[in-house]
Amino acid sequence: MPDSPPALGREWLLTEQDLAATVSELRAGGLVGLPTETVYGLAADAANEAAVSKIFALKGRPADHPLIVHIAAPEHLQLWASALPSAAWELAERFWPGPLTMILHKHPRVSTLVTGGQQTIGLRIPAHPMALQVLHAFGGGLAAPSANRFGHVSPTTAQHVRDEFGAGLPRVLDGGACQVGLESTILDLTQTPPRVLRPGMLDLQAVRALLPGLQFGAIARSPRVSGALASHYAPRTPAELVASEQLQARAAELQAEGMQVQILGLDAEVRSAKHYATQLYRTLRALDQAGGDRILIEMPPEDGAWLAVWDRLQRAVANTRQG
Ligand code: TXA
Ligand code: MG
């Protein structure tokens, strides 16, 4: 895998002209491919139902799947959510802008089209200079799911977004390679105690310091069992999670059946979860393009730092029937 992208700075800002064109596109109810620090989003005016409908249509996403609304500043929380617990303000202060999505009770004026029919809403401030620039200039909230077709791997470069939608999405803003690389951590604050619905690269120990009762699922180490996991974030090529010591034998077994096998190993450079996360989706896309019959993914450590990586890997292999 290649090295991490360099830290993002002011070079990732739009020119005045591109910013104005982007904002008019959004005000007119159009869709824009938007970089964030986690993955690229498919953004539309969250207050415009026709615009929000276009997101579902382009992604091929079922209408009962709620969207995350991206906002420019913590004060905007009260425009989108109601009955805000004090923890929401504390989390916003501590972790925003950043890879944290909070689920809160929605404000009565928010359309249930955005929330997938639910009375709750997901909100976040992304930590990417270009996303913040667009959000501030636009002023309102931007509904943005990951900019991929439903069930496919999330995009971490502008080119990935173009590969997903082609001419169906003319405006894709290029903000470089995503610095986090996996989707945000989703915390449900409408439940007592609060619960992690989707692990991300946010440090859960730091969250626990603010929310001592925080609940989250354990890592289920089930290499060859797809179980009930939804096949989300999946490459098109069937994939398996294999323990390091079984990798060579499993590859040989599949090759003997005539399969072309690709291995996603834990090289010395990717032994940090943070670095591995930045590379995972682009590596899965590259392996897909290379066109083998089976991807063997070497199991990462069972350390808590790898929780989000484990979650995505288990989903990536959930569809593969084991032979
Ligand atoms: O990092 C991210 O979160 C990226 C970037 C673009 O911000 N967005 C993203 O969106 O991953 P999406 O739509 O691909 O995933 C959002 C997840 C979905 O699994 C959805 O079910 C959940 O958030 N979600 C959104 N609103 C929710 C709600 N009100 N209650 C429960 N889950 C919700
Ligand atoms: Mg997604």
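Every heavy atom of this structure was used, including side-chain atoms; hydrogens, water molecules and symmetry mates were not. Counting convention: from 1, in listed order, for ligands and their atoms alike. Treat the numbers as computed from the prediction; the structure is a model and nothing was measured.
- The shortest N or O to N or O distance between T36 and ligand 1 is not below 3.5 Å.
- Only the side chain of T38 comes within 4.0 Å of ligand 1, counting heavy atoms alone; its backbone N, CA, C and O stay farther away.
- Every atom of ligand 1 is numbered from 1 in the order shown, and the set under 4.0 Å from a heavy atom of I121 is 29 (N).
- Interatomic distance, OG1 of T190 versus NZ of K106, reported as 13.5 Å (0.5 Å rounding).
- The residues E253 and R294 are annotated as not salt-bridged, no charged nitrogen and carboxylate oxygen being separated by less than 4.0 angstrom.
- Of the polar atoms of T115, none of the N or O atoms is found under 3.5 Å from an N or O of ligand 1, judged by distance alone.
- For ligand 1, the polar-atom distance check finds an N/O of R198 within less than 3.5 Å of one of the ligand's N/O atoms.
- Between R61 and ligand 1 there is a heavy-atom distance shorter than 4.0 Å.
- Under 4.0 angstrom from ligand 1, there are no non-hydrogen atoms of H128.
- V161 and I68 end up in different hydrophobic clusters when Ile, Leu, Val, Met, Phe, Trp and Tyr side chains are linked at under 4.5 Å.
- Distance check, rounded to the nearest 0.5 Å: CG of D188 to CG of L197 gives 4.5 Å.
- The heavy atom nearest to atom 8 (N) of ligand 1, out of those in G116, P126, A144, is found in A144.
- Between the side chain of Q262 and the main chain of Q260, no donor-acceptor pair closer than 3.5 Å is present.
- With a 4.0 Å heavy-atom cut-off, ligand 1 is reached by the side chain of R124 but not by its N, CA, C or O.
- Salt bridge absent: R198 and E183 never bring a charged side-chain N and a carboxylate O closer than 4.0 Å.
- The E183 neighbourhood of ligand 1 comprises atoms 1 (O), 11 (O), with distances under 4.0 Å to a heavy atom of that residue.
- For the atom pair CD (Q179) and OG1 (T36), the distance works out to 11.0 Å, reported to the nearest 0.5 Å.
- No side-chain donor-acceptor contact under 3.5 Å links R27 to the backbone of D45.
- Within ligand 1, counting atoms from 1 as listed, the ones closer than 4.0 Å to a heavy atom of S184 are 1 (O), 2 (C), 3 (O).
- Using a 4.0 Å cut-off between heavy atoms, D188 makes no contact with ligand 1 at all.
- Annotation: Y40 places no N or O atom under 3.5 Å from an N or O atom of ligand 1; distance criterion only.
- Q133 places a side-chain N or O within donor-acceptor distance of the main-chain N or O of L14, the cut-off being under 3.5 Å.
- Remark: ligand 1 atoms within the under-4.0 Å shell around heavy atoms of I186 are 17 (C), 22 (C), 23 (O).
- For a distance bound of 2.8 Å, the N, O or S atoms of N148 include none lying that close to the Mg ion (ligand 2).
- Close contacts between ligand 1 and T120 involve ligand atoms 28 (C), 29 (N), 30 (N) [criterion: under 4.0 Å to a heavy atom].
- For the pair R315 and W310, the cation-pi criterion (under 6.0 Å, within 45° of the ring axis) is not fulfilled.
- If you number the atoms of ligand 1 from 1 as listed, the ones under 4.0 Å from a heavy atom of H70 come out as 5 (C), 6 (C), 7 (O).
- Looking at D288, its side chain never comes within 3.5 Å of a backbone N or O of P235 through a donor-acceptor pair.
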